[in-house]
4 protein chains.
Amino acid sequence: MNVATTSPRRKELVRIAARLFVEEGYDRTTVRMLAQEMGIKSGSLFHHFADKQEILCAVIEEGMFSALAIAHEHLANLDNSLAADTPRAQAHLRLLALARAHLDTLLTDRNAHVVALYEWRRIEGPAREHLVQQRDEYEALWRSAIEDGVATGLLRGDASLLRQFVLGALNWSVRWYRADGERSPDELAEALIDSVCHPQ
Amino acid sequence: MNVATTSPRRKELVRIAARLFVEEGYDRTTVRMLAQEMGIKSGSLFHHFADKQEILCAVIEEGMFSALAIAHEHLANLDNSLAADTPRAQAHLRLLALARAHLDTLLTDRNAHVVALYEWRRIEGPAREHLVQQRDEYEALWRSAIEDGVATGLLRGDASLLRQFVLGALNWSVRWYRADGERSPDELAEALIDSVCHPQ
Amino acid sequence: MNVATTSPRRKELVRIAARLFVEEGYDRTTVRMLAQEMGIKSGSLFHHFADKQEILCAVIEEGMFSALAIAHEHLANLDNSLAADTPRAQAHLRLLALARAHLDTLLTDRNAHVVALYEWRRIEGPAREHLVQQRDEYEALWRSAIEDGVATGLLRGDASLLRQFVLGALNWSVRWYRADGERSPDELAEALIDSVCHPQ
Amino acid sequence: MNVATTSPRRKELVRIAARLFVEEGYDRTTVRMLAQEMGIKSGSLFHHFADKQEILCAVIEEGMFSALAIAHEHLANLDNSLAADTPRAQAHLRLLALARAHLDTLLTDRNAHVVALYEWRRIEGPAREHLVQQRDEYEALWRSAIEDGVATGLLRGDASLLRQFVLGALNWSVRWYRADGERSPDELAEALIDSVCHPQ
DNA sequence: CATGAATGAGGATTCATTCAT
DNA sequence: GATGAATGAATCCTCATTCAT
């Protein structure tokens with residue numbers, strides 16, 4: 001009932017909800033479907049969440065949180081391994097790390113981050129605030145990386161537009177990417193970053 | 001009642017439906033809302049469409065059709081005005097024309113094409129076939145333009161991935177673009193094409 | 001619009017309605033189905049009939065009328081051909097003639113008489129009066145034949161019950177009789193009459 | 001929700017539904033009428049039954065089941081009391097027992113068995129299978145009794161037709177029998193069996 | 001915590017009927 | 001007479017939510 005509660009049981013429920021929301025869409029996922037998949041009856045769901053929208057909130061929060069966490073993780077790896085390089089090369093590697101992290105949560109971990117991107121509109125009221133904050137934090141990572149890219153001549157054009165384009169291309173990949181295809185999410189990330197970076 | 005029917009009344013209804021579907025999403029748009037906005041009673045809607053899904057079909061069809069029509073129009077203008085040019089410059093202009101056309105239907109004409117992109121999943125059964133055909137036809141335009149871009153050295157990388165990236169970046173713009181902002185759809189199109197094209 | 005109207009067009013419509021009412025049942029037969037089968041649009045139906053119930057009335061009336069007509073016809077044939085016989089034999093032949101006539105309208109001509117028997121309940125109001133009259137007239141034929149049967153020792157038991165039993169057995173045959181089976185309606189009629197008549 | 005479920009609540013609901021189906025007919029009985037009579041709201045009905053047709057199924061099943069049960073009961077009483085008799089007398093008694101049992105469920109217990117006979121057509125799909133089985137089992141009782149009747153000279157004619165006639169006469173009695181009339185269902189049963197049995 | 005029964009508001013859809021053209 | 005569009009009331013059914021047990 002408490003939004004902040006993060007019992008292991010709740011974590012599990014959120015994971016299941018995320019999957020269903022991706023498969024069916026939030027609107028078409030009924031509380032009964034959620035309960036069934038969780039092995040309980042629909043009435044019991046409301047012991048864990050105040051209402052259906054709170055489930056969505058929890059999923060989106062989880063999605064944003066893990067996107068942020070994984071992005072930080074990828075960036076941290078970078079700092080450790082290859083610190084000595086040109087600013088331009090560094091900017092390139094950061095972009096690559098962010099793109100890989102993004103597709104990692106989106107296409108590999110799947111679900112929660114996808115919901116965070118695609119069902120955003122359904123959230124209203126005060127719950128939105130918190131989510132907006134998280135999103136801004138995540139975008140700040142990208143903003144800084146892209147600006148560095150522009151500053152070092154790696155990228156050309158308006159930094160703000162570039163961010164929207166790159167994120168858009170990445171986000172949309174959910175729609176067409178098949179896990180059983182010939183390319184890995186990492187290869188996608190590389191291809192995209194390559195296509196917008198100017199060599200030398 | 002007939003899917004192929006394109007009475008002026010029906011056209012009008014489709015336009016209104018497109019707007020509501022964009023504003024609220026297909027699932028949250030009730031038949032009553034549609035009827036109200038159309039100035040009729042909900043029962044009367046079924047004089048024009050067999051069921052709610054047929055309305056969605058009609059909107060998507062309209063969206064794909066107009067996207068295709070406007071793309072062809074932009075391309076035709078191109079052929080007339082500047083036919084004598086280097087292949088590379090021609091490829092560039094074609095990409096630009098396609099991108100402008102895309103954002104034109106998406107952000108200016110709005111609605112029908114947006115629905116075509118975002119509510120695609122809800123369509124099932126034989127209606128899907130026809131839509132897939134139209135989509136393929138539209139993508140073929142892009143495919144050829146992008147391949148020419150790669151062939152002339154204007155673009156670098158895998159043509160298929162590039163197409164997905166560019167279309168993804170364009171499609172996602174619906175989510176963040178504000179008509180009252182400082183940039184026009186045309187400027188967006190140019191910025192995007194510039195960001196993936198290699199100079200000289 | 002006039003109940004008494006019996007234009008050839010209307011006759012045709014009544015015949016079609018009778019068929020649909022038998023196939024689907026009155027409640028499940030929509031005005032649109034009727035119109036479609038008649039080759040007109042549903043709105044036009046109301047130029048011929050005031051409302052759906054009037055169609056049912058017309059069908060039932062037609063069913064009762066033709067049952068009565070055919071019964072009279074069969075009885076008339078009897079009078080002409082074999083007038084000189086024992087009263088008992090005469091009663092037997094009358095019963096047989098009535099049973100044959102009954103199954104003739106029910107299983108051969110089909111439809112209208114079936115509706116008259118099975119959708120009787122749906123009729124309310126003043127329309128019922130007229131139909132009750134017709135039904136009473138028809139039952140009077142049976143009543144007299146059965147009473148003669150009892151009087152001559154051909155049948156045994158309460159005349160009123162016997163009539164209900166015989167008519168019930170005949171009416172119910174609609175439910176199980178298959179035209180493509182091995183027995184003709186006439187054979188059914190004979191078998192039934194035989195089974196309740198006492199020999200000698 | 002489960003077809004096999006036979007909670008006491010469900011039993012109660014089925015009984016009420018049976019009454020309404022007889023009074024109004026399945027098609028004209030609305031879900032709201034059922035709910036109202038049951039003292040719940042229409043939405044709650046679907047807690048107990050998947051859809052309206054499942055209610056009909058349950059009623060018919062109950063009707064067939066009780067018809068079968070009561071028939072067996074009547075036959076059992078017979079076996080105990082008068083086992084030593086001529087085969088012909090035995091056949092007579094069995095027919096009488098079956099006829100009484102039939103009218104007992106039809107006119108006394110009422111409702112469920114009536115629905116089973118008169119709304120049979122509305123059932124489609126796999127639900128039908130089970131019902132057909134039950135019906136066949138019930139008819140087998142009659143088949144054997146009638147065949148014994150024919151074998152012992154009690155009845156004359158084609159056994160199969162005789163069964164249809166007798167059952168038809170019994171089934172149709174629902175249409176004209178009035179409980180407040182002068183004859184009891186048992187008297188009806190006797191009269192019918194008498195009328196088709198040949199003395200001595 | 002969990003359940004099963006209930007709710008009530010709203011969902012899409014049907015359909016007899018009306019009526020201007 | 002015929003039509004097509006419209007109506008409005010009713011239809012079956014769904015579903016998030018509540019709550020006594």
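Every chain is numbered from 1 and lettered A, B, ... according to where its sequence line falls, protein lines coming before strand lines. Just so you know, these numbers use all the heavy atoms, side chains as well, and skip hydrogens, waters and symmetry mates. On a predicted model such as this, the values are computed, not experimentally measured, just so you know.
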B:Gln53 or D:Gly39, whichever maps to the more 5' nucleotide of DNA chain E: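 By nearest-heavy-atom nucleotide position, the 5'-most residue is D:Gly39.
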Earlier contact from the 5' end, DNA chain E, for C:Asp51 and D:Ile40: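 In this pair, the answer is D:Ile40.
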So which heavy atom on [X] is nearest to which on [Y], and how close?
X	Y	value
B:Arg175	A:Tyr118	NH2-CD2, 3.6 Å
A:Val22	B:Arg121	O-NH1, 3.1 Å
A:Ile123	A:Gln53	CA-OE1, 3.3 Å

How long is the line joining [atom1] of [X] and [atom2] of [N], in whole Å?
X	N	atom1	atom2	answer
A:Phe46	E:dA6	CZ	C1'	14 Å
D:Arg10	E:dG4	CZ	P	15 Å
D:Gln36	E:dG8	CD	P	14 Å
A:Met33	F:dC15	CE	C1'	12 Å
B:Leu45	E:dT14	CG	P	12 Å
D:Arg32	E:dT14	CZ	P	17 Å
B:Glu54	E:dA12	CD	P	15 Å
A:Leu34	F:dC15	CG	P	12 Å

Stacked cation flag C:Lys52 on C:Phe46, 6.0 angstrom / 45 deg: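 Geometry flag: not set, cation outside 6.0 Å or 45°.
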From CA spacing to verdict: side chain to side chain contact (heavy atoms under 4.5 Å, CB included), A:Phe21, A:Ile60: CA-CA 11 Å; A:Phe21 288 165; A:Ile60 293 185; over 6 Å; no
Most 5' of D:Gly43 and A:Ser44 on DNA chain F, judged by nearest nucleotide: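 The residue mapped nearer the 5' terminus is D:Gly43.
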Counting only side-chain nitrogens and oxygens, does [X] get under 4.0 Å of the OP1 or OP2 atom of [N]?
X	N	value
A:His47	E:dA2	no
A:His48	E:dA2	yes
B:Lys41	F:dA6	no

Side chain of B:Lys52 (C-beta onward), nearest among F:dA6, E:dA12, E:dA6: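 Of all the options, the side chain of B:Lys52 is nearest to E:dA12.
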Given E:dG11, E:dA6, E:dT17, the nucleotide with the shortest approach to the side chain of D:Arg9: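 The answer is E:dA6, which lies nearest to the side chain.
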Salt bridge flag under 4.0 Å for residues A:Arg10 and A:Glu62: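 Salt bridge between A:Arg10 and A:Glu62, a charged N being under 4.0 Å from a carboxylate O: no.
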salt_bridge(B:Glu124, B:Arg128) N-O dist < 4.0 Å: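 Here B:Glu124 does not pair with B:Arg128 in a salt bridge, since their nearest N and O are not under 4.0 Å apart.
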Distance (rounded to the nearest 0.5 Å) between A:Glu37 CD and A:Thr29 OG1: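 A:Glu37 atom CD to A:Thr29 atom OG1 measures 10.0 Å (nearest 0.5 Å).
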Dot-bracket pairing map - DNA chain E, Watson-Crick plus G-U, both contacts under 3.5 Å, | cross-strand: .||||||||||||||||||||
DNA chain F-proximal residues of residues 16-30 of chain C, any heavy atom under 4.0 Å: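 Here the set is empty: none.
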B:Arg15 (side chain) donor-acceptor with B:Asn111 (main chain) under 3.5 angstrom: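 Checking the backbone N and O of B:Asn111 against the side chain of B:Arg15, no donor-acceptor pair under 3.5 Å is found.
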